[in-house]
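Here is the structure we will look at, set down as structure tokens.
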Amino acid sequence: MFTGDWLDIGPIDQIPLRGSRTVPVAGGPEIAVFRTGDDQVFALVNRCPHKHGPLSQGIIHGHSVSCPLHNWAISLKTGEAQGEDKGCTPTVPVKVDAGRVLICRASTLAQAA
């Protein structure tokens with residue numbers, strides 16, 4: 001459901017702590033929405049900058065996710081690879097309003113372009 005510039009993807013409790021869910025984007029890459037152990041929410045394009053592994057299947061530690069293919073650590077806040085690794089995954093603005101997770105419609109559509 002669209003709410004102005006934001007797409008409502010459901011209640012926050014549908015994303016487990018230290019877990020994720022994915023949002024399909026017609027004509028574009030899937031978006032992964034992550035919920036950290038301290039209950040913060042982040043959204044990234046669901047592919048590692050290294051070999052395009054599905055970040056939604058990685059392990060969340062702090063505010064990072066480890067790619068399930070080659071263990072690259074990706075910052076959930078910036079999408080940047082951490083440590084010695086180089087690369088960046090696009091981020092998508094996300095917010096929680098009244099217990100509902102909202103992702104930025106314009107940014108989601110831009111990923112599909």
Side-chain angles (χ1 to χ4, degrees):
M1 172 172 76
F2 287 109
T3 306
D5 291 335
W6 296 90
L7 173 62
D8 183 334
I9 62 166
I12 191 170
D13 60 7
Q14 285 187 348
I15 306 171
L17 285 175
R18 290 180 220 65
S20 67
R21 71 176 277 202
T22 59
V23 179
V25 176
E30 185 174 66
I31 304 295
V33 182
F34 300 91
R35 184 174 173 201
T36 62
D38 62 356
D39 215 21
Q40 293 192 46
V41 178
F42 299 91
L44 301 171
V45 168
N46 191 27
R47 64 176 180 226
C48 178
H50 177 225
K51 296 285 186 180
H52 298 207
L55 293 175
S56 62
Q57 295 176 23
I59 296 172
I60 297 170
H61 42 95
H63 289 183
S64 298
V65 61
S66 292
C67 178
L69 295 184
H70 299 101
N71 208 32
W72 277 36
I74 307 297
S75 167
L76 293 172
K77 184 175 182 178
T78 66
E80 292 283 338
Q82 300 176 332
E84 300 288 321
D85 300 321
K86 302 290 181 221
C88 188
T89 296
T91 61
V92 175
V94 62
K95 67 181 181 178
V96 178
D97 185 19
R100 306 287 297 181
V101 179
L102 308 167
I103 58 175
C104 180
R105 188 182 91 138
S107 294
T108 302
L109 293 174
Q111 297 302 327

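In what follows, every heavy atom counts, from backbone to side chain, and hydrogens, waters and symmetry copies are set aside.
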All heavy atoms of E80 vs all of C88, minimum pair found to be OE2-SG, 3.5 Å

Worked check of side-chain contact (heavy atoms from CB on, under 4.5 Å) between Q82 and S64
CA-CA 9 Å; Q82 300 176 332; S64 298; 2.9 Å; yes

Handout entry: N46 side chain vs S56 backbone, donor-acceptor pair below 3.5 Å
Key = yes

Side-chain polar contacts of residues 31-45 - donor-acceptor pairs under 3.5 angstrom, sequence neighbours left out - could you list them?
from, atom 1, to, atom 2, distance (Å)
R35, NE, D39, OD1, 2.5
R35, NH1, I12, O, 3.3
R35, NH1, I15, O, 2.6
R35, NH2, D39, OD1, 2.9
T36, OG1, D38, OD1, 2.4
T36, OG1, Q40, N, 3.0
T36, OG1, Q40, O, 3.3
D38, OD1, H63, NE2, 3.2
D38, OD2, Q40, NE2, 3.3
D38, OD2, H63, NE2, 3.0

Shortest non-hydrogen pair, T89 vs P49, comes out as OG1-CD, 3.0 Å

Would L76 end up clustered with V96 when hydrophobic side chains under 4.5 Å apart are linked, directly or stepwise? no

Interatomic distance, CZ@R47 vs CD1@I74, rounded to 0.5 Å, equals 12.5 Å

To the nearest 0.5 Å, atom CD of E30 lies from atom CG of L55 at 10.5 Å

dist I103:CD1 -> K95:NZ (nearest 0.5 Å) comes out at 12.5 Å

query: Would you call the rings of H70 and H50 parallel, tilted or perpendicular, where under 30° means parallel and over 60° means perpendicular?
result: perpendicular

Worked check of side-chain contact (heavy atoms from CB on, under 4.5 Å) between W72 and S66: CA-CA 5 Å; W72 277 36; S66 292; over 6 Å; no

Taking atom NZ of K77 as the centre, report whether more than 12 heavy atoms of other residues, nucleotides or ligands fall under 6.0 Å from it. no

*Do other residues, nucleotides or ligands put more than 12 heavy atoms under 6.0 Å from the CG atom of L17?*
yes

In this structure, SG of C67 is separated from NE2 of H52 (nearest 0.5 Å) by 10.0 Å

Value for OG (S20) from CD1 (I60), rounded to nearest 0.5 Å, stands at 5.5 Å

